[in-house]
Amino acid sequence: MREFGPVPSAFVNIEDLRRAARRRLPRSVFDYIDGGAEGEVTLRENCRAFEDVGFRPRCAVETPAPDLRTTVLGTPLSLPVILAPVGSSRMFWPRGEEVAATAAGAAGTIYSLSTLSGCRLEDVKKATPGPAWYQLYLCGGRDVAGATVQRARDAGYSALILTIDTPVAGMRERDLRNGARELLTRKPFEMLPHIGQFLARPRWLSAFFGDGGLMQFPNVMLPDGPMLYADVGVMLEQSTVTWRDLGWIRDIWKGPIVIKGIHTGDDARRAVDEGASAIVVSNHGGRQLDGVRATIRVLPEVVAAAGDRTEVLLDSGVRRGSDIVKALCMGARAVLVGRAYAYGLGAAGGPGVTRAIDILRTDVIRTLKLLGCRSVAELDASYVDVPREWLRATAETSA
Ligand code: GLV
């Protein structure tokens with residue numbers, strides 16, 4: 001289904017895409033993307049903490065065409081940005097996961113597909129000319145997840161992401177208020193009080209039904225068919241991955257495993273000891289345990305603990321290219337972005353995702369030029385001032 005949206009170049013920054021997504025999407029869909037857990041303290045702090053890192057530019061230096069290329073797990077990327085797994089993207093735009101994967105591949109980067117997705121993993125892999133990673137939740141139990149892992153291998157996914165911060169779902173208060181539970185009961189009487197938000201977005205509604213109005217997860221094949229949409233809380237709770245699971249997952253997957261949800265140096269070391277090929281410093285975008293530290297604040301501790309033994313990535317709170325540059329200066333190899341591109345997808349589909357990536361790319365180029373740095377490979381701690389107390393844990397970790 002073709003939908004004409006706003007001209008992507010009208011969006012100057014990610015916040016513009018966010019506002020446009022809010023205008024197009026029903027409240028419950030927008031808030032699913034935008035919201036965090038409890039008081040949303042970590043959600044806000046993830047973004048704000050980047051402000052505590054200051055730049056130390058080298059001026060009067062020639063930087064004609066900064067080189068943004070890097071590799072992650074041996075895969076070449078045109079910029080140090082990977083699209084993070086984002087659940088339910090097919091609610092944001094028709095065939096949302098395929099559309100986002102196409103945009104990621106065209107931009108020269110990796111698309112990560114969430115287990116909680118509306119498009120078949122095979123179709124998503126086919127949609128991208130680039131590499132893709134598969135994010136695994138153990139929904140439906142070990143046999144169901146094992147079958148999906150096989151499918152992901154056969155389809156050509158090059159790494160498996162295990163998210164380790166969901167022993168229970170975070171308390172997403174916006175979802176509760178918007179009637180997420182009632183809407184998923186499929187009982188008209190319970191749904192009725194929450195239907196108005198969809199009627200208020202007729203453009204979205206017709207796109208949603210034009211796409212089949214499907215509310216199922218085709219990558220979680222239960223004995224009686226694909227798992228139906230259910231409350232995200234219940235699903236996450238049933239999907240918990242523990243260190244014990246790594247053994248059997250490694251046996252059937254055989255490829256690289258990325259552990260996402262590292263908050264401390266101790267867990268970073270544990271992940272590497274358990275065979276992680278890369279780790280993601282992540283607090284699930286502030287959607288799980290509210291009150292945990294911002295990821296950029298945790299990064300020095302994690303890099304000190306495990307940075308010489310694994311590739312360290314970071315997500316949560318990245319909204320500008322300068323955030324990306326700061327993370328790279330502090331030891332991240334690349335960042336993952338979730339909301340930043342999901343706003344683009346919700347606002348304008350594929351061109352919206354492309355615009356989000358372009359905004360971040362031109363931000364990084366400009367920041368490198370202003371810093372007097374010729375390539376992302378040359379970024380290091382000498383380009384930033386990091387609050388001293390963030391480094392205290394580093395000294396303790398390496399002592
Ligand atoms: C799923 O992982 C979510 O955070 O909603």
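Numbering of ligands and ligand atoms starts at 1, following listing order.
For Arg293, the CZ atom sits in a packed shell: over 12 heavy atoms of surrounding residues, nucleotides or ligands are nearer than 6.0 Å. Shown here is Asp143, whose CG atom has no more than 12 heavy atoms of other residues, nucleotides or ligands within 6.0 Å.
A salt bridge links Glu122 to Arg151: one of the charged nitrogens lies within less than 4.0 Å of a carboxylate oxygen. Of the charged side-chain nitrogens involved, none lies within less than 4.0 Å of a carboxylate oxygen, so that Glu182 and Lys187 do not count as a salt-bridged pair.
In the vicinity of Arg172, heavy-atom distances shorter than 4.0 Å reach the ligand 1 atoms 3 (C), 4 (O), 5 (O). Of all atoms in ligand 1, listed by their number and element, those nearer than 4.0 Å to a heavy atom of Tyr32 are 1 (C), 3 (C), 5 (O). Near Arg287, meaning under 4.0 Å from one of its heavy atoms, ligand 1 places the atoms 3 (C), 4 (O), 5 (O). Heavy-atom proximity to Tyr137, at under 4.0 Å, picks out these atoms of ligand 1: 1 (C), 2 (O).
Remark: side-chain polar atoms of Arg250 are not paired, donor with acceptor, to backbone N or O of Gly255 under 3.5 angstrom.
Under a 4.0 Å heavy-atom criterion, Gln288 is not in contact with ligand 1.
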